[in-house]
Amino acid sequence: MACSSIRCLPPTPFTSHHHRIPLNRRSLIFLSTTLPLSTSLTSSSAAAGRPQPDTTITDRVFLDFSVCPSYFLNRTLGEYDLSLCEKFEPLGRLVLGLYGNLVPITVSNFTSMCNGSSGSTYKGTLVQKIFPGQFFVAGRQGRDKGEVKPPVELVRNTETVDSKSFLFEHSRPGVVSLCLSENDDDDELKLSPNYHNVEFLITTGPGPCPQLDSKNIVFGSVIEGMDVVTAIASIPTYKPGERIRQYNDFAEFIGDGRARSARAIWNRPLQTLYISDCGVLKAAKPPTLSPTLP
């Protein structure tokens with residue numbers, strides 16, 4: 001027998017290519033301190049590798065909001081019909097900083113809507129919906145008075161299909177975003193080959209709106225007037241009862257097209273809230289500072 005003169009040892013589970021590493025208390029302490037460090041370095045390097053959106057403010061615009069105390073059922077407001085609400089109540093001004101380096105086409109179209117060079121304007125148009133604790137929507141295109149008239153002098157926005165346009169998240173109040181998933185423009189206008197989407201939303205807080213992320217294009221933020229945003233968010237809206245909601249859900253389930261039409265008035269403000277004025281602000285030049293001697 002081959003192992004008669006030599007003591008037979010039980011076979012080891014390791015092949016010649018693997019060696020058992022002796023572990024003692026010092027080795028365990030060393031591993032426990034180095035492994036988390038390597039993991040954190042890996043995660044931080046991965047985070048550093050992600051592209052960060054450029055939020056440099058290249059343009060500034062203002063939006064003045066006003067409230068008409070009486071609620072017009074037919075919403076008869078418009079750029080040339082503001083006299084119908086003679087005793088309007090100014091709510092305040094928002095100053096928006098726009099990210100022209102991030103989404104230049106979206107910013108250019110928005111500023112054109114604010115200064116009227118697009119063939120249309122936000123001035124005299126309604127805030128269509130307010131979602132309490134989330135955001136409000138304005139700039140809906142339609143054929144009724146108080147709705148945005150279709151702009152004809154805008155550049156086609158190819159950023160709506162560019163993944164780089166969706167990097168920024170709706171993580172705080174005051175985020176300004178182009179409505180894509182939340183867009184409710186008139187269906188007939190959307191079929192036009194000259195259709196341009198200019199409907200926008202502004203988050204009101206207090207928390208983030210993750211349901212809007214990767215579905216709408218963030219192109220700016222409120223830099224002045226967050227108190228106005230809070231005031232807009234506090235305006236009461238139409239909320240259907242539970243039974244109406246159940247009927248609407250059933251109608252949608254069986255394919256009744258009237259269900260969508262009925263939902264169009266949900267979350268509408270119960271006061272006539274509109275943009276009474278808007279425009280572009282000139283960028284302020286940084287002050288010239290004289291050198292300071294030591």
Heavy-atom pair of closest approach, residues [X] and [Y]:
{"X": "Phe135", "Y": "Cys209", "answer": "CD2-SG, 4.4 Å"}
{"X": "Ile217", "Y": "Ser165", "answer": "CG2-O, 3.6 Å"}
{"X": "Gly142", "Y": "Glu147", "answer": "CA-OE1, 3.0 Å"}
{"X": "Gly139", "Y": "Tyr122", "answer": "CA-CE2, 3.9 Å"}
{"X": "Ser177", "Y": "Asn216", "answer": "OG-CB, 3.2 Å"}
{"X": "Val137", "Y": "Cys179", "answer": "CG1-SG, 4.1 Å"}

I need the [X] [atom1] to [Y] [atom2] distance, nearest 0.5 Å.
{"X": "Asp59", "Y": "Asn101", "atom1": "CG", "atom2": "CG", "answer": "9.0 Å"}
{"X": "Leu191", "Y": "Asn194", "atom1": "CG", "atom2": "CG", "answer": "12.5 Å"}
{"X": "Leu102", "Y": "Thr55", "atom1": "CG", "atom2": "OG1", "answer": "8.0 Å"}
{"X": "Ile275", "Y": "Ser66", "atom1": "CD1", "atom2": "OG", "answer": "10.5 Å"}

Is the backbone of [Y] close enough, under 3.5 Å, to the side chain of [X] for a donor and an acceptor to pair up by distance?
{"X": "Thr203", "Y": "Gln134", "result": "no"}
{"X": "Thr111", "Y": "Val107", "result": "yes"}
{"X": "Ser192", "Y": "Leu189", "result": "no"}
{"X": "Asn197", "Y": "Asn183", "result": "no"}
{"X": "Asp213", "Y": "His170", "result": "yes"}
{"X": "Asp186", "Y": "Gln141", "result": "no"}
{"X": "Thr121", "Y": "Gly116", "result": "no"}
{"X": "Asn109", "Y": "Val155", "result": "yes"}

Worked verdict on Lys164 versus Glu159 for salt bridge (charged side-chain N to carboxylate O under 4.0 Å, His left out): CA-CA 8 Å; Lys164 297 180 181 179; Glu159 293 167 349; over 6 Å; no

Residue pair [X] / [Y], side-chain heavy-atom distance below 4.5 Å:
{"X": "Leu63", "Y": "Leu96", "result": "yes"}
{"X": "Ser120", "Y": "Met113", "result": "yes"}
{"X": "Asp64", "Y": "Ser276", "result": "yes"}
{"X": "Leu212", "Y": "Leu201", "result": "yes"}
{"X": "Val103", "Y": "Val218", "result": "no"}
{"X": "Thr272", "Y": "Leu126", "result": "yes"}

With clusters defined by side-chain heavy atoms of hydrophobic residues (ILVMFWY) lying less than 4.5 Å apart, directly or transitively, does [Y] cluster with [X]?
{"X": "Ile232", "Y": "Ile202", "value": "yes"}
{"X": "Val229", "Y": "Phe219", "value": "yes"}
{"X": "Ile235", "Y": "Met226", "value": "yes"}
{"X": "Val176", "Y": "Ile105", "value": "no"}
{"X": "Leu98", "Y": "Val198", "value": "yes"}

Which class fits the ring pair Tyr274 and Phe88: parallel under 30°, tilted 30 to 60°, perpendicular over 60°? perpendicular

Any side-chain hydrogen bond (donor to acceptor under 3.5 Å, both in side chains) pairs touching residues 218-237, not counting sequence neighbours? Tyr99-Ser221

According to salt bridge (Lys or Arg N to Asp or Glu O under 4.0 Å), does anything in residues 172-184 pair up with another residue at least two apart or in another chain? List the pairs. Arg140-Asp184

Within a 6.0 Å radius of atom NZ on Lys190, are there more than 12 heavy atoms belonging to other residues, nucleotides or ligands? yes

Looking just at side-chain N and O atoms, do Ser118 and Ser112 make a donor-acceptor pair shorter than 3.5 Å? no

Taking the six-membered ring of Phe62 as reference, does the cationic atom of Arg93 (NZ for Lys, CZ for Arg) lie under 6.0 Å from its centre and within 45° of its axis? yes

